[in-house]
Structure formats: structure tokens, C-alpha cells
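It should be emphasised that the depicted structure is a prediction, and the values quoted were computed from it without experimental measurement. Along the sequence shown, the residues carry numbers beginning at 1. Counting starts at 1 for both ligands and their atoms, following the listed order.
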Amino acid sequence: MENIEQLKQTTLKQIDEASDVKSLEDIKVSVMGKKGALTEEMKKLALLSVEEKKQMGQMLNVIKSEIEKALETKKQELFAKELNEKLAKETIDVTLPIREENIGRIHPVSKIYEEVVAIFGEMGFEVADGPDIEDQFHNFNALNTPANHPARQMQDTFYITNPESDNFDDSYVVRTQTSAVQIRTMEKKQPPIRIIAPGRTYRSDYDATHTPMFHQVEGLVIDKKTSFANLKGCLYDFVKTFFEVDELPVRYRPSYFPFTEPSAEMDIGCKKSKTELKIGAGDDWLEILGCGMVHPNVLKACGIDPEEYQGFAFGLGLDRLAMLKYGIPDLRTFFESDVRWLKHYGFMPLDESSMTGGLSNNGGLVR
Ligand code: DAH
């Protein structure tokens, strides 16, 4: 009995003096583990008479639960202590400014992408997408550009052999235009349709304003009464918001695209000098995008009745927009992965483009 009282006292004292969670574990094992002191006492119960067993058993159980309780209380206390020490050591001052040098930059094309999505998103457009590797049906045929159509020569296409067919008409392409997403969207969705499709496009071309991979945004609106006037209003709102200038003259020149009729190219006013290009009022014009009313053949190819529905489409080059808006002279540099270039032309990651928070956040443009 005295032994046991002694065991209890020593154990409680040890628990009280324990300085970390690990030593508590050790104490627990030494008392209540398989070969622990208390376990040994429990084993001895078998040798006692029924009466003694009852008395002793009860006592041992009381001690056991007292020790368990002490262990638990101490454990909580030590946890809290360790946590407080950690918190005190690892304080973070959230009001400190960002360490600019270490956080990388957003590429101008990504920035333009965000801006375009923010503007059209506000107008109620959804973002659609399609594959980079296309079949000729989606990239050309359904866009009213059958094989041998002269317009196919307008684009220097990369073809990919179809392993399942020797027929050239079955070969794939890396899409030459995001217009392919018009077809994919109309195949899946019934009008009304209002989408933009930003993405990568590919053509065999390489100079200061052309790279084999570049980015376009396609726009498509289909409804019962969509008119050329709607097209003009929509694109005017877009360019004005995008270039963030108060006065921006625009004009539409008649043009040709197989998938639109009538087709047009939109120009914006600008002022060109030897060293500078200023977007806004001036005597010069700058071509900015292609557009038009969706050709009835395109609607038919997607199972949409051109007697009931009509719409407009447009396509513009994202990289070209970035070059114009941020004054970047050579497109090839966009894809050279030179961190010095990115540091110069890139944007701070936290300056998100939004219609309410400001588009390009020129303050974030690191120069
Ligand atoms: N796909 C055309 C190109 O790559 C751009 C374009 C022009 C898209 C007119 C359109 C459009 O949707 O209506 O040159």
C-alpha cells in the first residue's frame, strides 16, 4: 500500500516537472506501459484473496485515473506553452511591403489576356475554348473555307500527319485561328451565344511582328436580331475601355474573311511620329481587328438555321494588342524567356485587372 502511494506521489511529481511532451510520453510508458510500475501492481492482483483484490483493485484504478488526468492536464499545458513560444518566435508583420525583387512578373500577354476577359466578361461574354490541334473541318471547312479555297493560302498552316489516313484532307493542323472555337461552340450550344475564346494559334511566319506561335481572341455573338450596329457598339466599347483614352476615333474598312459577310477591319485613330505611337485622336489609323456578320454557311455547318439566327464575330491578336498598349517593339522578344525583358515589361502579380479595380494598373508596370 505504501509502495503504491509512493509510486503515485513520485509519478505526479515527475509529471509536474516534465518540461516537454516527449518526457510526458516517457513517464506514461514507465508507469502504465506493458512493463510499467502500475501495470506490474495490477498483475499482482491475481495472487490476492477476493476481498483484498476488490479493495486493492479499486485503489489502483483510482490512482491510474488520477495519473491519467494529471498527464492530460500537463500535456495541454505543454502544448499551449510550445505554441505560444512558436508564435512569439515566428511573428509576421503583415503590414510590411512586398519584397519586389523576389516575386517574379506577369507576362504582358497574360496581362492583356486578363484585361480582355475582364472587359468582355463585364459585357456578359463567357470564355470558351478548344484544342490547339484541330482537324481541318473545324479550322477551315466549317468556316466556309473548303479545301482549295484561295483563302487557305492567306494562312501559312502547319499540318500534322494523321496516322490513320494517307489522305491529306484528313491531316490535322495546329489551329491557325481561334475562329475554330466558333464552330466548336455552335456545335455544343444553342443560341443565344455570346462567347470569347482567347488562346494560342500557330502559323509558319517569323519576323518582328510575327512568331510561329501567337495569341488571338475570338468573339462570337449569335441571336435572333443581332446586327452590324451591335457589332460596332460592342467593339467600340471594347477598344475605348481597353486603351483607356477619352477620345478614340474608329473606322471600319470593308474587308474579306470567308466566314463573315459582310466583313470589315476596324482601325483606331492614332498619332505616329518617328519615336512614338500615341493611341487616340490624330491623323493616322492603325488596324486593330477583323470582324463581320457570321456567314450563313457557317451557321448551316453547325446546324443553326440562318433564317432564324444571325450574329457577328471578331478576331484580334493579343500579342499585337500588348505591343501597342505597352510600346513593345519586337514580338519575338515575347517568347525568348529573358528575365531581364520580363522585369522591364512585366507586371506585379498582385495588380489584378478588373473593371472596378482598374485595368492595366499602370502604376504596377515596372520600368
Ligand atoms: N480568324 C481571322 C484571322 O486569323 C481573324 C478574324 C477575322 C476572326 C474576322 C473573325 C472575324 O471572327 O470575323 O485572321
Exactly one of Trp341, Tyr326, Phe347 should register a ring-ring contact (aromatic ring centres under 6.0 Å, His included) with His107. Which one does? Trp341
If you count the atoms of ligand 1 from 1 in the order shown, which ones are under 4.0 Å from a heavy atom of Thr260? 13 (O)
If you take the centroid of each ring, where Trp contributes its six-membered ring, are Phe334 and Tyr345 closer together than 6.0 Å? no
Under 4.0 Å from any heavy atom of Gln182, which atoms of ligand 1 are there? 12 (O)
Part of Cys291 with heavy atoms under 4.0 Å of ligand 1, whether side chain, backbone, both or neither: backbone
Of all protein heavy atoms, the one nearest atom 5 (C) of ligand 1 is Gly315 CA, 4.1 Å
By number and element, which atoms of ligand 1 are closer than 4.0 Å to a non-hydrogen atom of Gln216? 3 (C), 4 (O)
Need the ligand 1 atom indices (1-based, order shown) with element for anything under 4.0 Å from a heavy-atom of Gly292. 13 (O)
Considering Arg203, Met293, Glu265, Glu218, which one's heavy-atom position lies nearest to atom 14 (O) of ligand 1? Arg203
Can you list the ligand 1 atoms lying under 4.0 Å from a non-hydrogen atom of Gly290? 7 (C), 9 (C), 11 (C)
Other residues, nucleotides, ligands: >12 heavy atoms within 6.0 Å of Asp283 CG: no
Contact atoms of ligand 1, heavy-atom distance to Phe257 under 4.0 Å: 7 (C), 9 (C)
May I ask you to list the atoms of ligand 1 that are less than 4.0 angstrom from any heavy atom of Ala313? 12 (O), 13 (O)
Check: Leu143 main-chain N/O paired with Thr145 side-chain donor or acceptor under 3.5 Å: yes
Output the list of atoms in ligand 1 that are nearer than 4.0 Å to some heavy atom of Ser179, sorted by atom number. 1 (N), 8 (C)
Using a 4.0 Å heavy-atom cut-off, which part of Phe259 comes near ligand 1: side chain, backbone, both, or neither? side chain
Should we say atom CG of Asp223 is surrounded by more than 12 heavy atoms from elsewhere, each under 6.0 Å from it? yes
Using distance alone, determine whether Thr176 and ligand 1 share an N or O pair under 3.5 Å. no
Is there side-chain contact between Thr157 and Tyr202, with heavy atoms separated by less than 4.5 Å? no
Do Thr260 side-chain atoms and Met293 backbone N/O form a donor-acceptor pair below 3.5 Å? no
Atom 1 (N) of ligand 1: closest protein heavy atom, distance to 0.1 Å, is Gln177 OE1, 2.7 Å
Carboxylate-amine/guanidinium proximity below 4.0 Å for Lys271 and Glu276: no
Please confirm whether the ring centroid of Phe259 lies under 6.0 Å from the ring centroid of Phe140. no
